[in-house]
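Contents: one structure, followed by commentary.
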Amino acid sequence: MIALFQQILQAKLKGLLQKNLYGQHIVIQQLISALEAHFHRHSKSRKPLVMSFHGTPGTGKNYVADMIAESLYEKGVKSRFVHKYMGRLHFSLSQNVAEYNRFIRDDVVNGITDCARSLFIFDEVDKMPQGVFESLASLVDYNSLPNNLDGTKAIFIFISNTAGVQISDQLAKMLKSGELRENIKLSAFEQILEKASYNLDGGLKKASLIEQHVIDHYIPFLPLEKAHVHKCIETEYAKWDRRPQKNAIESLLQDVITFDRTHGLFATSGCKTIEKKVATEVWNNSNSISEG
């Protein structure tokens, strides 16, 4: 049964990632491997799977977290086994850190009691106050849950813009030295992400989760180049059953892309605004045709 579940998860998630995620070969490689190992029937891990997603806006961090939920649960992100928290909404005030710690602890225990394979997603970690995850560290580290609960099959994902600039700088340096983007490996970013998470402001600053090496994978979402945004536009048009002319896409690209000032290589907002921009274009064109 577990082997069948693993095969279904692998096929569905891999299909979603390969079809809808652009410019993120490291994410696809690392994520599939991490989840396969986590759910493997011979896995003897004593702790849940813990991953930290990093990158600039519009590179696909939330998109991928949602894809994991869609692959794991029949109701996807709407499943009661998916617990998602927003930094600015749920954990915004530094004076309430002790209260937030109690809330996280209780919610995680209740969630795993309900389903051992629960998914916990903490978004906007860079907007959270320092110290918010201290109770979580003690729970997750070697599965020290109360009442003999087994949380080793749960998954925790932290999503943050932290280290986005550092990822861009590292990628630009490697590209300018002649390396092909598709050949760049995770190892070029892992230490950068861990160091930035620990030292920069946010929920993971000086966190025991990092000190105790509870986070299994620091995954970089690389900044997107023009070609990747072009693919995002094509994908959004396809959702409307439209195949626009090349000049229409180029025109939209000029309107929506602003390149980073430092390197001049990367779209500052990635694909973040593409969905609404394309929807507006389709609507305007439809109205023009009907009026004509």
Side-chain angles (χ1 to χ4, degrees), residues 16-31 52-67 87 123-127 159-186 188-189 192-193 196 200 202 218-240 242-285:
L16 287 171
L17 292 172
Q18 291 177 342
K19 183 179 180 181
N20 300 296
L21 189 67
Y22 305 116
Q24 306 297 351
H25 67 284
I26 294 176
V27 175
I28 295 174
Q29 293 168 0
Q30 190 67 20
L31 195 60
S52 189
F53 294 174
H54 299 263
T56 51
T59 50
K61 301 183 297 295
N62 277 283
Y63 199 36
V64 169
D66 287 350
M67 286 183 194
D123 194 8
E124 299 181 328
V125 171
D126 50 309
K127 304 297 190 297
I159 301 175
S160 173
N161 292 336
T162 300
V165 172
Q166 288 84 347
I167 293 171
S168 296
D169 289 345
Q170 176 72 350
L171 178 60
K173 177 183 176 182
M174 299 179 79
L175 292 176
K176 290 175 181 178
S177 70
E179 293 195 51
L180 295 177
R181 181 181 177 116
E182 294 74 19
N183 293 338
I184 295 174
K185 299 185 182 301
L186 173 68
F189 300 95
I192 293 173
L193 299 184
L200 298 179
Y218 294 88
I219 301 182
F221 283 69
L222 305 182
L224 302 184
E225 300 172 51
K226 181 179 179 180
H228 305 125
V229 182
H230 191 290
K231 290 181 179 179
C232 289
I233 292 175
E234 289 181 331
T235 298
E236 289 302 322
Y237 269 111
K239 293 178 182 178
W240 292 89
R242 299 288 197 280
R243 292 185 179 180
Q245 297 294 322
K246 185 177 180 180
N247 61 343
I249 294 180
E250 287 296 328
S251 176
L252 189 56
L253 279 169
Q254 290 180 9
D255 291 339
V256 301
I257 288 188
T258 302
F259 290 99
D260 70 291
R261 295 181 180 181
T262 304
H263 309 292
L265 295 172
F266 311 124
T268 53
S269 60
C271 289
K272 196 172 184 69
T273 63
I274 297 302
E275 180 182 4
K276 297 299 183 183
K277 293 288 187 182
V278 169
T280 301
E281 286 296 313
V282 171
W283 180 255
N284 288 338
N285 290 337

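All values below were derived from every heavy atom in this structure, side-chain atoms included, with hydrogens, water molecules and symmetry-related copies excluded.
- Rounding to the nearest 0.5 Å gives a distance of 8.0 Å between CD1 of Ile257 and SG of Cys271.
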Return all side-chain donor-acceptor pairs below 3.5 angstrom for residues 178-186, not counting sequence neighbours, or 'none' if the list is empty.
from   : atom 1 : to     : atom 2 : distance (Å)
Arg181 : NH1    : Pro223 : O      : 3.0
Arg181 : NH1    : Glu225 : OE2    : 2.7
Arg181 : NH2    : Gly23  : O      : 2.9
Arg181 : NH2    : Pro223 : O      : 2.8

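- A pairwise comparison of heavy atoms in Ala279 and Trp240 identifies CB-CZ2, 3.7 Å as the closest pair.
- Rounded to the nearest 0.5 angstrom, Tyr22 OH and Thr235 OG1 are separated by 2.5 Å.
- Under the salt bridge (charged side-chain N to carboxylate O under 4.0 Å, His left out) criterion, Asp126 pairs with no residue, sequence neighbours left out.
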side-chain contact (heavy atoms from CB on, under 4.5 Å) between Lys277 and Asp255, worked out
CA-CA 9 Å; Lys277 293 288 187 182; Asp255 291 339; over 6 Å; no
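- Looking at Val64 and Leu17, their side chains come closer than 4.5 Å, going by heavy atoms from C-beta outward.
- Here Lys176 contributes atom NZ and Leu265 contributes atom CG; the two are 5.5 Å apart, rounded to the nearest 0.5 Å.
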Evaluate the side-chain contact (heavy atoms from CB on, under 4.5 Å) criterion for residues Ile274 and Leu252: first the C-alpha distance (whole Å), next the side-chain angles of each, then the deciding distance (0.1 Å), finally the verdict.
CA-CA 9 Å; Ile274 297 302; Leu252 189 56; 5.8 Å; no
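- Atoms OG and CG, from Ser160 and Asp123 in turn, are 9.0 Å apart once rounded to the nearest 0.5 Å.
- Formation of a donor-acceptor pair under 3.5 Å by the Asn161 side chain with backbone atoms of Glu124 is not found in this model.
- Heavy-atom neighbours of Lys127 NZ from other residues, nucleotides or ligands within 6.0 Å: above the threshold of 12.
- With contacts defined as side-chain heavy-atom distances shorter than 4.5 Å, the pair Glu281/Ile233 does not qualify.
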Thr56 and Phe266: side-chain contact (heavy atoms from CB on, under 4.5 Å), yes or no, with the steps?
CA-CA 10 Å; Thr56 51; Phe266 311 124; over 6 Å; no
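- Phe53 is listed as a side-chain neighbour of Leu31, based on a closest heavy-atom distance under 4.5 Å.
- Checked by atom type and distance alone, the side chain of Gln170 never pairs as donor or acceptor with a backbone atom of Phe189 at under 3.5 Å.
- Judged purely by atom type and a 3.5 angstrom limit, Ser251 has no side-chain atom pairing as donor or acceptor with the backbone of Ala248.
- In this view, Lys239 and Glu236 satisfy the salt bridge (charged side-chain N to carboxylate O under 4.0 Å, His left out) rule, not counting sequence neighbours.
- Of all non-hydrogen atoms in Thr59 and Leu222, the two that sit nearest each other are CG2-O, 3.4 Å.
- With a 4.5 Å cut-off on side-chain heavy atoms, Gln24 and His228 do not count as touching.
- Between Met67 and Asn20 there is a side-chain heavy-atom pair separated by less than 4.5 Å.
- Pairing each heavy atom of Ala196 with each of Thr162, the nearest pair is O-CG2, 3.9 Å.
- Pairing each heavy atom of Thr273 with each of Ser269, the nearest pair is OG1-OG, 4.4 Å.
- With rounding to the nearest 0.5 Å, the separation of OG1 in Thr268 from CG in Leu224 is 10.5 Å.
- Between Ile167 and Phe221, the closest side-chain pair of non-hydrogen atoms is not below 4.5 Å.
- Side-chain contact between Glu250 and His230 is present, with at least one heavy-atom pair separated by less than 4.5 Å.
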What's the verdict on side-chain contact (heavy atoms from CB on, under 4.5 Å) for Lys61 and Val27, showing C-alpha distance, side-chain angles and the deciding distance?
CA-CA 9 Å; Lys61 301 183 297 295; Val27 175; over 6 Å; no
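- Sparse packing is recorded around NZ of Lys246, with 12 or fewer heavy atoms of other residues, nucleotides or ligands lying under 6.0 Å away.
- The two atoms that bring Gly270 and Val229 nearest to each other are O-CG2, 3.9 Å, heavy atoms only.
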